[in-house]
Enquirer: 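Below is a structure I'd like to ask you about.
In this chain, residues are counted from 1 in sequence order.
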Amino acid sequence: MLESKHSEIMKELRKDRKISQTKIAEDLKITQRMYSTYETGDRTPTIDILMEIANYFNVTLDFLTGNETKRLEPLTEEERKMLKNYRELNETHQNKVIERIETLREMQQGA
């Protein structure tokens, strides 16, 4: 087994979030078997797959590959849905969302 730093970190991130390999594989559109080989270190993911995994766990590529120790706060499922919906909007509507969030924050601070 060729286990490397990224495989250990991927496994730790997945277990921390209580997500199955099957779920992650479905979300990444790869097979569970393929994902499993990445976690065991039997195969090394391509840079594109590593970037997708880093995005999935909301960590930097440097963190995923063991070159950085700082973790980003993981996104909740609700935050993931909001981000997905936001990304599907055109630029005009994205700007309106940002303006509305800023207005709500100002209202909250003034309360």
Enquirer: If we ignore hydrogens and angles and just use 3.5 Å, is the side chain of Glu79 paired with the main-chain N or O of Thr76 as donor and acceptor?
Expert: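 Yes: the side chain of Glu79 pairs with the backbone of Thr76.
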Enquirer: Establish whether Ile19 and Tyr35 are linked, either directly or via other cluster members, by ILVMFWY side-chain heavy-atom contacts under 4.5 Å.
Expert: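 Ile19 and Tyr35: one cluster.
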Enquirer: With Glu88, which residues qualify under salt bridge (Lys or Arg N to Asp or Glu O under 4.0 Å), at least two apart?
Expert: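 Lys84.
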Enquirer: Scan side-chain atoms only and decide if Tyr56 and Glu52 contain a donor-acceptor pair under the 3.5 Å cut-off.
Expert: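 No.
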Enquirer: Using the rule that Ile, Leu, Val, Met, Phe, Trp and Tyr join whenever any side-chain heavy atoms are under 4.5 Å apart, tell me whether Phe63 and Ile47 fall into a single cluster.
Expert: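 Same hydrophobic cluster.
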Enquirer: What heavy-atom pair brings Met51 and Leu61 nearest, and what distance separates the two atoms?
Expert: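 That would be CG-CD2, 3.8 Å.
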Enquirer: Step by step, would you call Asp42 with Thr40 a side-chain hydrogen bond (donor to acceptor under 3.5 Å, both in side chains)?
Expert: CA-CA 5 Å; Asp42 292 336; Thr40 60; 3.1 Å; yes
Enquirer: Which heavy-atom pair separates Ser7 from Gly41 by the least distance, and what is that distance?
Expert: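 So the minimum-distance heavy-atom pair works out to CB-N, 3.9 Å.
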Enquirer: Looking at Glu39, Arg33, Glu26, which hits side-chain hydrogen bond (donor to acceptor under 3.5 Å, both in side chains) with Gln21?
Expert: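 With Gln21 as partner, side-chain hydrogen bond (donor to acceptor under 3.5 Å, both in side chains) holds for just one option, Glu39.
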Enquirer: Please tell me if the side chains of Thr44 and Tyr38 come closer than 4.5 Å, counting only heavy atoms from C-beta onward.
Expert: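 Of all side-chain heavy-atom pairs linking Tyr38 with Thr44, none is under 4.5 Å.
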Enquirer: So do the side chains of Asn90 and Gln94 get within less than 4.5 Å of each other, counting heavy atoms only?
Expert: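 Of all side-chain heavy-atom pairs linking Gln94 with Asn90, none is under 4.5 Å.
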Enquirer: What I'd like to find out is whether the side chain of Lys11 reaches to under 4.5 Å of the side chain of Lys15, using heavy atoms alone.
Expert: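 Lys11 reaches Lys15 side chain to side chain.
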Enquirer: So how far is it from Leu64 CG to Leu13 CG, rounded to the nearest 0.5 Å?
Expert: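 Answer rounded to 0.5 Å: 7.0 Å.
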Enquirer: Compare all side-chain heavy atoms of Asn85 with those of Leu89 and state whether any distance is below 4.5 angstrom.
Expert: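 Side chain of Asn85 against side chain of Leu89, heavy atoms only: no contact under 4.5 Å found.
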Enquirer: May I ask you to check whether Asn67 and Thr65 show a side-chain donor-acceptor distance below 3.5 Å?
Expert: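 Their side chains do contain a donor-acceptor pair, which is all the 3.5 Å distance test asks for.
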Enquirer: Is His93 close to Tyr86 at the side-chain level, that is, under 4.5 Å between some pair of heavy atoms?
Expert: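 No, every pair of side-chain atoms sits at 4.5 Å or beyond.
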Enquirer: Counting only N and O atoms by type, is there a donor-acceptor contact under 3.5 Å from the side chain of Ser36 to the main-chain atoms of Gln32?
Expert: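 A pair under 3.5 Å: no.
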Enquirer: Would you say Arg17's side chain and Phe57's backbone share a donor-acceptor pair under 3.5 angstrom?
Expert: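 Judged by distance alone, yes, a pair lies under 3.5 Å.
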Enquirer: Taking all non-hydrogen atoms of both residues into account, name the closest pair between Met34 and Arg43 and its distance.
Expert: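 Closest heavy-atom pair between Met34 and Arg43: CE-NH1, 3.2 Å.
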Enquirer: Any chance you could measure Asp27, atom CG, to Ile53, atom CD1, to the nearest 0.5 Å?
Expert: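 Separation between the atoms: 11.5 Å.
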